[in-house]
Asks: 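Let me give you the structure first, and then I'll get to my questions.
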Protein chains: 2
Amino acid sequence: MEKQTITIYDVAREAAVSMATVSRVVNGNPNVKPATRKKVLEVIDRLDYRPNAVARGLASKKTTTVGVIIPDVTNVYFSSLARGIDDVAAMYKYNIILANSDGNEQKEIQMLNTLLAKQVDGIIFMGNNLTDELRTQFARSKTPIVLAGSVDPKEEVESVHIDYVAAVEEAVNDLVNHGNKRIAFISGPLDEPINGEYRLKGYKNVLKSNGIEFDEELVFETDSSYRSGEVLWPALSSANVTAAFVGDDELACGVLNGAKDAGVKVPEEFEVVTSNNSKLTEIVRPQLSSITQPLYDIGAVSMRLLTKMMNNEEEEGAQKTVELPYGFIKRASTK
Amino acid sequence: MEKQTITIYDVAREAAVSMATVSRVVNGNPNVKPATRKKVLEVIDRLDYRPNAVARGLASKKTTTVGVIIPDVTNVYFSSLARGIDDVAAMYKYNIILANSDGNEQKEIQMLNTLLAKQVDGIIFMGNNLTDELRTQFARSKTPIVLAGSVDPKEEVESVHIDYVAAVEEAVNDLVNHGNKRIAFISGPLDEPINGEYRLKGYKNVLKSNGIEFDEELVFETDSSYRSGEVLWPALSSANVTAAFVGDDELACGVLNGAKDAGVKVPEEFEVVTSNNSKLTEIVRPQLSSITQPLYDIGAVSMRLLTKMMNNEEEEGAQKTVELPYGFIKRASTK
DNA sequence: GTGAAAGCGCTAACAT
DNA sequence: ATGTTAGCGCTTTCAC
């Protein structure tokens, strides 16, 4: 004896009204006489009726859910963005389908397609490399998409992020001002525009305006893991580096600990600045000076922007790119 | 001129077959002549047809999506579980609706209801306090639910976790073996069973079997934040503590740094063990000895269990509780 | 192996 | 203010 799912029709019959009326009260449509509303509400309560969102989605062509493609929830940078996204989503009554991609293009494309199949009303994409293939796939559907915490070099897709070039300039400038000439540039894959294009440009700009020659040997490309940073010191040391700009906090913690474990004095002999000001920067000793990014806000603003796009509230010809303010916080890892 | 969404019916017409047949090839039903299948597939490709998962969900009463209620994605403990959940979900072609609750019962109930309204096929609940109200709400629906990384003291809901009592016993025993008599018990809210019931019991058990009297003054209840740990040293110090068991890694990092910043030598003068063996334990100096929990696996196993429940593959009268093995890793924060 | 037809539970005109 | 009636795009018997 299966428990029968109870539908809008059951409520209508019990309340002796039409399903249209039930639908109206469920959806808060004001065109219902208070007495009727009350009666319907009672029946709904008595029958423990719950509107079926799937049926509603099919009929209305809106699912009030948005897809979120994330490289890895386990990474604080991304989970901070995700939290901002979810909070704003909840505020606007949306839910989030979260899918981990590991930054793998094939997975990203595949996720995108399942999300579209599930009729999400919009998509937030976090990823470090917006390939052409991906851009093509995006274009296939008319579902609004925004990039959170990343950049579309071609500026075809809406995105929310900070000015990476300027932020890195500020950080590296600090290092130069302390007299450092040989400053390492340490980051994840350079084929990710955020690293190879923007951050590197900021780094080079500062060197140039200070008359320091750019030295290819001081660019260290790794993955962004703690471990990769930890084992980097010997290489840094033999390159006679006295300071480092690092593009990721976990990586920076590794670099810092690797140096310290080798007996190097920080910041006296070696200065480090990092990029994301996540919790980690305060947990290590010495605490890490860092560019500050409003991670939560980047997520929140992305989602807010997406809600506008989903409601066609977006101004025509509005800028595709939202730049949020960055900052710099000096801690003990720099002089 | 809106781009018309193309449906199964369009494909049927173009391929000169019935929609039933199209449905069959889309769903991999073998009862289709190869030639027909080929023809249909061609049309699907040509028309760029994508099955509408919402319509499918309405007709089949399965959405292939599961709800995941999580206190905070930003917390590594939970995000690690979440990653395990999502990976296994993906493996079984499910998607995840992720909702942050902040451990707030009202939000949890509300999320639960939206998830059910969205007709999720199952739910994974992460939370530290399974209240009666929540249990009642769970019972209202027949949707399978499993608890990940937490315990239902009444054992009414399926759950996956480690043996917290035994794990804490092992950790505290280590501390006792090093000659410590005054060992602090530091954790988040004691009204969460995992803290106030299981962990505390393990702690007391060890004291008892070693003839050490339990001292209420050595129990420190805080929230689980880094900051709360950081400011705890003065209190610990005046309680003449020589070691501490801590129930959360962030909290433990705070405790450790607070002590170190006050000039205390770790582990010589003060030993610390923590509970979750997250990345943080290796990032701080000295590195933290810790209970090890297979976080990713707890998530993965929870999801696997849920898939079985969703397919009614679960053995009748099977144990409601899955206990995964814990471990203990000695690092530099203990002698 | 294939088709016809009846829903799935709801929204959204359109009437009244 | 309320009811009637088509769908929404698909799955799923049940025939053939």
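Just so it is clear: chains get the letters A, B, ... in the order the sequence lines come, proteins before strands, and each one is counted from 1. All values below come from the heavy atoms of this structure, side chains included, with hydrogens, waters and symmetry mates left out.
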Asks: Measure from CG on A:N52 to C1' on C:dC8 and round the result to the nearest Å.
Replies: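 Rounded to whole Å, this separation is 8 Å.
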Asks: Could you go step by step and tell me if B:D152 and B:R135 meet the salt bridge (Lys or Arg N to Asp or Glu O under 4.0 Å) rule?
Replies: CA-CA 9 Å; B:D152 174 10; B:R135 206 181 276 101; 2.7 Å; yes
Asks: Rounded off to whole Å, could you give me the CD-to-P distance for the A:Q119 and D:dG9 pair?
Replies: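 These atoms are roughly 9 Å apart.
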Asks: Please state how far atom CZ in A:R50 lies from atom P in C:dC10, giving the value in whole angstrom units.
Replies: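 So the two atoms are 13 Å apart, to the nearest Å.
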Asks: Which one, C:dG9, D:dG9, D:dT11, comes nearest to the side chain of B:S60?
Replies: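 Taking heavy atoms from C-beta onward, the closest nucleotide is D:dT11.
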Asks: Take atom CZ of A:R13 and atom C1' of D:dG3, then tell me their distance rounded to the nearest Å.
Replies: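 Checked: the CZ to C1' distance equals 17 Å.
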Asks: Do B:R50 and A:R140 have side-chain heavy atoms sitting under 4.5 Å apart?
Replies: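 Sidechains of A:R140 and B:R50: in contact.
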Asks: Taking OP1 and OP2 of C:dG1, is either one under 4.0 Å from a side-chain nitrogen or oxygen of B:T36?
Replies: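 It does not, given that no N or O in the side chain of B:T36 lies less than 4.0 Å from OP1 or OP2 of C:dG1.
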Asks: Is the shortest distance from a Lys or Arg side-chain nitrogen in B:R83 or A:D102 to a carboxylate oxygen in the other one below 4.0 Å?
Replies: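 The answer is yes: the pair qualifies as a salt bridge.
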Asks: So A:V17, base contact, sugar-phosphate only, or nothing? Heavy-atom distance under 4.0 Å.
Replies: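 Sugar-phosphate only.
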Asks: Using the side-chain heavy atoms of A:A55, tell me which of these nucleotides is nearest: C:dT11, D:dG9, C:dC10.
Replies: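 From the listed options, C:dC10 comes nearest.
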Asks: Looking only at side-chain atoms of A:A59, point me to the closest of D:dT11, D:dT2, C:dC10.
Replies: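 Nearest nucleotide to the side chain: C:dC10.
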Asks: Of all the heavy-atom pairs spanning B:A148 and B:I124, show the shortest one and how long it is.
Replies: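 B:A148 and B:I124 have their closest heavy atoms at CB-CG2, 3.8 Å.
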Asks: Over the length of the helix from C:dG1-D:dC16 to C:dT16-D:dA1, how much do the five-pair end axes diverge, rounded to 10 degrees?
Replies: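 The end-segment axes of the helix from C:dG1-D:dC16 to C:dT16-D:dA1 are tilted 30° relative to each other.
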Asks: May I have the distance from B:R56 (atom CZ) to C:dG9 (atom P), rounded to whole angstrom?
Replies: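 So the CZ-P distance, B:R56 to C:dG9, works out to 18 Å.
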Asks: Reckon A:S23 has a side-chain N or O less than 4.0 Å from the OP1 or OP2 of C:dT11?
Replies: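 For C:dT11, OP1/OP2 do have a side-chain N/O of A:S23 under 4.0 Å.
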Asks: Among A:I109, A:L130, A:I123, which residue satisfies the side-chain contact (heavy atoms from CB on, under 4.5 Å) criterion with A:F138?
Replies: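 With A:F138 as partner, A:I109, A:L130, A:I123 yield a single side-chain contact (heavy atoms from CB on, under 4.5 Å), made by A:L130.
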Asks: Which one, D:dC10, C:dC10, D:dT2, comes nearest to the side chain of B:M19?
Replies: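 Between D:dC10, C:dC10, D:dT2, the one nearest the side chain of B:M19 would be D:dC10.
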Asks: For C:dT2, does either OP1 or OP2 sit under 4.0 Å from a side-chain N or O belonging to B:N31?
Replies: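 For C:dT2, OP1/OP2 do not have a side-chain N/O of B:N31 under 4.0 Å.
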Asks: What is the distance from OH of B:Y9 to C1' of C:dG7, rounded to the nearest Å?
Replies: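 Rounded to whole Å, this separation is 18 Å.
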Asks: For D:dG9, take OP1 and OP2 only and decide whether either is under 4.0 Å from a side-chain N or O of A:K61.
Replies: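 For D:dG9, OP1/OP2 do have a side-chain N/O of A:K61 under 4.0 Å.
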Asks: Tell me whether the count of non-hydrogen atoms from other residues, nucleotides or ligands lying under 6.0 Å of CD in B:E313 goes above 12.
Replies: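 Yes.
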Asks: Would you indicate which nucleotide in C:dT2, C:dA4, D:dC10 comes nearest to any side-chain atom of B:A20?
Replies: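 Looking only at heavy atoms from C-beta outward on B:A20, the closest nucleotide is C:dA4.
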Asks: Whole angstrom is fine here: how far is it from CG in B:L58 over to C1' in D:dG9?
Replies: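 For the pair B:L58 CG and D:dG9 C1', the rounded distance is 9 Å.
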Asks: Should we count CD of A:E155 as having more than 12 external heavy atoms under 6.0 Å?
Replies: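 At most 12 heavy atoms, drawn from other residues, nucleotides or ligands, come within 6.0 Å of this atom.
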Asks: Atom CG of A:N29 and atom P of C:dC10: how far apart are they, to the nearest Å?
Replies: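 The distance from CG of A:N29 to P of C:dC10 comes to 17 Å, rounded to the nearest Å.
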Asks: Considering only heavy atoms and no angle criterion, is a donor-acceptor pair shorter than 3.5 Å present between the side chain of A:R24 and the base of D:dG3?
Replies: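 Between D:dG3 and A:R24, which were checked side chain against base, a qualifying N/O pair under 3.5 Å is present.
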Asks: When rounded to the nearest 0.5 angstrom, what is the spacing between CG in A:L134 and CZ in A:F125?
Replies: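 Rounded to the nearest 0.5 Å, the CG-CZ separation comes to 4.5 Å.
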Asks: Can a side chain N or O of B:T21 be found less than 4.0 Å away from OP1 or OP2 on C:dG3?
Replies: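 True: B:T21 side-chain N/O within range (under 4.0 Å) of C:dG3 OP1/OP2.
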